Amino acid sequence: MNRDQIRARLRELQAMDVPRHGGSTFAYVYDSGRPDIDALGLEALAMFGESNGLDPTAFPSLLAMERDLVAMAASFTQAPDGRAGTVTSGGTESILLAVQTARDAHPEIERPTMVLPATAHAAFHKAAHYFGVRPVVVPVRADFRADPEAMAAAIDESTVLVVGSAPSYAHGVVDPIDELASAAMHKDVRMHVDACIGGWVLPFLDDAPAWDFSVPGVTSISVDLHKYAYTPKGVSVLLHRDRELRRPQFFACADWPGYTMLNSTTQSTRSGGPTAAAWAVTRAYGRDGYADLARSAREAARRFITGLPAPLEVLGGPDSTLVAVHSNDPEVDMLVVADQMQQRGQYVQVQLPYAGGPANMHLSMSAASLAIIDDVVAALVESVDAARESGPATVAPELAEAARALDPATLTDADFDGLLQIAGLAGDSGDLALPQQMAPVNALLAVASPALRERLLIAFLDRLS
Ligand SMILES: *Cc1c(COP(=O)(O)O)cnc(C)c1O
């Protein structure tokens, strides 16, 4: 291919994706509405894309920028002197490292556990799976916030970490961090605050509950820059209250014949691009810029909630810029509403029914969402009408039957193929045929148990990739 063809093809591929700008994509991407600063970030991304964070002595530029990013995150989280931090590739990596560090601080505990509210991000379950730290999952209160008494009661000799969210992804509510941290501190256990999505917003909201290092007992905090710091993807910061707490995070290997390997994260070779981009973008906005962006995104969330048409209702009373909405009327199916929103160019995210809670749709508001929020509400009013008109998504009885008969522990390829066939999702050569409407697929997943959902999703990804 010549260069023009390559560029044309790249544009063609990119056109397949959800929009990255405009404020109508309510998950995955975050738009500040500042194309000038976006461009600056992409310039820095390209400039350092070939640099390698593997060795800070070979690329001291990246170390210098990492220190600046950690310093900014530390100031936003009220970290004390002596704090230590690391730039990672994202929220998941920050969380993996927080769990691994907590585990390795206690080599004497043979079967380590961590106490999670049921609303903790799935990344903690991934960390549990990778590192053999058993999750002790504690139900949350009716308002979706962690239950501090039940969490405290779940801490025992095997606990290496207690977790709270600020806020939780699913419902956007901040857990009672002060009570959780106090319970952890009294039992001499580490407490991690997952502020991946709130850490660059809560510092600028007047009504934010206590969540940061000013709360005694909080030992680590994760904050993603590729969310509300509006930087290109690939940047999060993991902060520890002091260097001693961070020490088990580091890995060195001299037990092989090559270079001495010394890592602060799970990656070894890593691009300098995201760090440089984040450095550039965070310098451009500064504290005041972020305060404005946070208030815009928060205002978008407020106006969206105020404009919700009946029978929709917000779940949990969000503390930040995330909103989860469900329907009070079985005739208005949220899975259908979500499809209708998508048809109107509003990309909301479906959250399946879980632990007795209803199916709902999630919106992470960007600063750029404020300018279009009236259109979003108007699209929602239309979507609700259309969903009432078309009725709820249903699962054919034989399909529900087939799904219920599947045992997640023994699901085979043939079982999955059979299910695709019955669901009308099998293409000509037995591969996947992606539907235009997701509601029927989501309705099928909704009747499956979480364990079966996981197996079906993995079989799906296996085909897709
Ligand atoms: C996004 C998010 C994560 C995971 O972050 P990734 O950057 O997607 O890996 C973890 N916790 C919360 C609360 C989040 O919002």
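Both counts, for ligands and for their atoms, begin at 1 and track the order of listing. Just so it is clear, the structure is predicted and the values come from calculations on it, not from any experiment.
- In terms of N/O distances under 3.5 Å, ligand 1 is not approached by Tyr169.
- At under 3.5 Å, a nitrogen or oxygen of His226, whether backbone or side chain, sits near a nitrogen or oxygen of ligand 1.
- Residue contact annotation: Lys227 has a non-hydrogen atom under 4.0 Å from ligand 1.
- With respect to the salt-bridge test (charged N to carboxylate O, under 4.0 angstrom), the residues Asp104 and Arg247 do not qualify.
- Taking the six-membered ring for Trp and the full ring otherwise, Phe76 and Phe204 have centroids separated by under 6.0 Å.
- Counting the atoms of ligand 1 from 1 in the order shown, those under 4.0 Å from a heavy atom of Asp194 are 10 (C), 11 (N), 12 (C), 13 (C).
- Each of the atoms 10 (C), 11 (N) of ligand 1 lies under 4.0 Å from some heavy atom of Ile95.
- Side-chain N/O atoms of Thr88 and Thr265 include no donor and acceptor closer than 3.5 Å.
- If you look at Tyr169 and His362, their ring centroids are closer than 6.0 Å.
- Under a 4.0 Å criterion applied to the non-hydrogen atoms of Asp224, ligand 1 contributes the atoms 1 (C), 5 (O), 7 (O).
- Under 4.0 Å from ligand 1, not a single heavy atom of Ala123 appears.
- The existence of a salt bridge linking Asp374 and Arg303 is confirmed by a sub-4.0 Å separation between a basic side-chain nitrogen and an acidic carboxylate oxygen.
- The closest heavy-atom contact to atom 9 (O) of ligand 1, among the options Ile197, Thr92, Val193, Val223, comes from Thr92.
- Aromatic pair Tyr285/Tyr290: centroids less than 6.0 angstrom apart.
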